[in-house]
Amino acid sequence: MSWKIWSLKKSPWVFHVNTGACNNCDIEIVNLLTPKFDVERFGIKLVGSPRHADALLVTGVVTRQAAPRLQEVYRQTSKPCVVFAIGACACDKGIFTTGYHVVGPVDKIIREVDPNAIIAYVPGCPPKPEAMISGIVQALSVL
Amino acid sequence: MNQEELNNRLTEIKDKLTAVEQPADNRIWLTCEAENSYEINKFLFEEVPLRFVIATGIDSDDCFEVLYHYAYDETGCMITLKANIGDREKPAIESIAPFLPGAEWIEREIHDILGIDFKNHPDMRRLILSDDWPEGVYPLRKDAEKPVSRPDGEPLTRPTVQSQSPARRTVPLSKPVVVVGPFHPLQEEMEFFQLSVDGEIVTDIDMRISYNHRGIEKISESLQFDQVPFLVSRICGICSASHPLAYVQAVEELAGIKPPERALYVRTIITELERIHSHILWVGLAGHFIGYDTVFMWAWKYREPVLDLLEEITGNRNNYGNVKVGGCREDVPNDLIPKILKELDGIEKKMEMITKAVLDDPVLHARLKGVGVLSKADAVKYAVTGPTARASGVAIDVRRDDPYAAYADLDWNVISQPEGDVFAKAVVRLLETFESIKIVRQALEKLPDGPVAAEVKEIPPGEAVGHVEAPRGETFHYVRSDGGNRPVRHKVRAPSFVNVPSFKASCIGGHIADVTITLAAVDPCYSCTERLAVVDNNKVIHDYDTLLQLSREKTARIRKEML
């Protein structure tokens with residue numbers, strides 16, 4: 001294991017990117033920070049800038065307007081950076097597949113700028129906070 | 001003015017109309033030619049006066065239609081004015097935005113998706129479609145090919161702050177501009193705000209949406225009537241009970257379906273539980289935005305039992321998928337009622353504590369009173385709804401004005417405050433939580449026995465509207481059917497679509513630090529103050545030390561005012 005990955009796995013700082021979600025996954029992400037789930041006890045912290053982030057929590061289908069902005073946010077993160085596609089929309093566009101303004105899913109848009117990006121998927125509509133914690137733990141344990 | 005007087009008022013414009021229909025007492029449909037629409041709209045909005053709800057653009061087979069939806073809240077009457085535009089090549093109609101700023105956004109949207117030109121519109125830039133959307137492609141026209149997604153492999157242009165997009169207003173460089181978004185640490189969603197500032201005072205605000213546009217109205221046309229509720233519950237995760245309910249009520253009105261009594265009560269319980277968790281969520285976030293994280297953590301902790309209840313009833317913490325045409329999918333089991341009542345007692349106690357902590361705190365009074373004021377006149381002009389309107393003294397509430405579900409049988413109050421500032425909005429939301437708890441309790445007590453769904457056979461051709469008081473305001477759905485199994489047009493107006501443009505009235509003239517809480521969902525980051533210097537003609541007039549001095553003086557002044 002490279003030391004970069006090793007250091008990434010301890011206390012990952014995350015940046016939240018909404019690319020056209022319905023707010024459900026987003027409030028569940030905020031829920032993770034509040035007393036009931038409290039992921040800060042694992043050292044997981046929501047940060048205000050992609051430049052500080054070890055992981056991106058991406059929610060939503062990636063609309064046409066959001067796609068280039070998502071790529072720009074990914075460019076600005078320090079690498080290696082794990083991308084979490086959270087929710088059915090981010091994983092495979094979900095119920096919005098046929099939408100005319102939808103260019104996602106997340107992995108396709110991220111792979112355009114970095115074909116070797118590390119992408120983890122947490123399905124669900126919305127995934128329960130427990131599922132998100134489980135997804136993050138599983139992803140970090142296979143890195 | 002009662003319903004009869006309203007009908008008489010409307011006869012004054014009879015000779016300009018081509019048809020008048022009144023399928024129910026409080027549903028009126030007017031039809032006119034495009035040339036007369038400006039005058040009639042002016043009459044409806046200014047003379048009667050009605051509250052503007054939204055406009056819908058429709059591509060019918062031989063013409064374009066623009067439907068202007070109005071509400072008369074005293075009798076809960078919905079009035080729709082249909083204007084037919086015969087010219088398919090160059091469809092155009094007079095804009096109503098000059099006298100009705102609340103219509104500015106919707107006319108821009110209709111122009112984007114249908115290509116109808118609004119003459120004399122003050123600001124016809126792109127609103128809902130992306131910067132790189134091809135010119136002349138209108139996705140909601142019936143003959144629109146399905147391009148429209150980006151071809152594979154085509155490189156995306158890298159966005160810059162000063163984008164060349166026609167949708168963004170360019171500001172001369174001499175004017176300082178603060179941009180917020182599209183991604184911002186405290187923003188849940190993507191929006192883009194461009195604030196022009198003069199010192200600390202905001203002089204103009206410009207907004208760009210489209211980041212979240214998924215084309216739901218078009219997808220809805222490809223789904224069957226029974227599938228649409230699952231789609232519309234995903235418009236917004238926090239209003240995921242209200243949107244399907246508004247849609248379902250429109251379809252039920254269209255087909256003349258009466259859901260069983262118990263279903264109406266179950267709907268009431270679910271939507272009120274949703275309102276409780278949504279209002280608590282807002283209080284928490286508002287606390288977070290002004291740096292009061294204790295309230296944030298408390299509120300979100302005490303919100304959890306509500307989500308657990310919803311999960312127990314419907315199977316999901318959010319996106320309940322519980323409403324269907326003709327009734328509900330899941331019942332509230334009778335043996336769960338004692339548990340719900342017990343949890344409500346607990347929530348009520350905790351909310352009393354939070355309410356006291358917020359309303360009795362002198363710091364919050366100093367921080368929130370008189371900030372971001374939306375006057376009653378502006379509230380009417382921008383046609384805002386929900387707590388935003390009620391905090392400005394406009395006491396409208398669909399639950400009381402046009403009762404649906406079981407609200408007419410229950411005893412509760414509409415909360416309103418005259419001030420229009422951020423503090424009033426907090427008061428309205430906090431007190432409404434208690435009203436909601438009261439409603440759920442009564443609904444559980446009176447819950448009648450019986451089935452929760454009626455049989456639905458066919459949806460006949462026709463059109464209807466449905467509206468519901470969501471936590472953020474009135475959610476409005478318009479559905480048109482041609483007798484098939486899919487809607488031919490489904491228009492959705494979420495409450496924020498009219499509430500957000502009112503920032504123009506509430507932010508301008510305020511301090512830039514107050515924009516934070518005025519936008520409520522947006523928190524510009526000013527932690528970089530130590531790198532800030534105010535420069536005029538290349539000469540530094542305020543450096544860090546003088547700014548710190550100014551800030552200390554202001555704190556001392558506020559402290560004096562508080563005592």
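All values reported here derive from a predicted model rather than from experimental measurement. Per chain, numbering begins at 1; letters A, B, ... match sequence-line order.
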Side chains of [X] and [Y]: closer than 4.5 Å at any heavy-atom pair?
X: A:Y100; Y: B:I113; answer: yes
X: B:R303; Y: A:I27; answer: yes
X: B:W300; Y: A:F37; answer: no

Residues in residues 125-135 of chain A near chain B [non-hydrogen atoms, under 4.5 Å]: A:C125, A:P126, A:K128, A:P129
Please identify which of these residues, B:N316, B:I238, B:N319, meets the side chain to side chain contact (heavy atoms under 4.5 Å, CB included) condition with A:N24.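 Running side chain to side chain contact (heavy atoms under 4.5 Å, CB included) over B:N316, B:I238, B:N319 with A:N24 returns exactly one hit, B:N319.
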Counting heavy-atom pairs under 4.5 Å with chain A, which one of B:M297, B:H213, B:K301, B:E304 comes out on top?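 When all of B:M297, B:H213, B:K301, B:E304 are compared, B:H213 has the most.
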At what distance, to the nearest 0.5 angstrom, does [atom1] of [X] lie from [atom2] of [Y]?
X: A:N18; Y: B:N212; atom1: CG; atom2: CG; answer: 5.5 Å
X: B:W298; Y: A:T34; atom1: CH2; atom2: OG1; answer: 15.0 Å
X: A:K36; Y: B:L307; atom1: NZ; atom2: CG; answer: 8.0 Å
X: A:T98; Y: B:L231; atom1: OG1; atom2: CG; answer: 8.5 Å

Does CZ in A:R51 sit with more than 12 non-hydrogen atoms of other residues, nucleotides or ligands closer than 6.0 Å?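 Open.
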Pairs where residues 210-220 of chain B contributes a residue and the test salt bridge (Lys or Arg N to Asp or Glu O under 4.0 Å) is met, not counting sequence neighbours: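 Residue pairs with at least one partner in residues 210-220 of chain B: B:E217-B:R489, B:E217-B:K491.
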Would you mind checking which part of A:V73 comes under 4.5 Å of any heavy atom in chain B, side chain (CB onward), backbone (N, CA, C, O), both or neither?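 Just its side chain gets close to chain B.
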For A:I29, is it the side chain, the backbone, both, or neither that has a heavy atom closer than 4.5 Å to a heavy atom of chain B? neither
I need the minimum non-hydrogen distance between [X] and [Y], along with the two atoms involved.
X: A:N31; Y: B:R317; answer: ND2-NH2, 3.0 Å
X: B:I219; Y: A:I95; answer: CG2-O, 4.3 Å
X: A:Q65; Y: B:D131; answer: OE1-N, 2.8 Å
X: B:R234; Y: A:F96; answer: O-CZ, 3.7 Å

Can you tell me if A:H101 uses its side chain to pair, donor with acceptor, with the backbone of B:S130 under 3.5 Å?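 Looks like yes, one N/O pair under 3.5 Å.
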Under a 4.5 Å heavy-atom cut-off, does chain A meet the side chain of B:I128, its backbone, both or neither? backbone
Heavy-atom contact with chain A under 4.5 Å, split by part of B:I235: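 For B:I235, the contact with chain A is made by the backbone alone.
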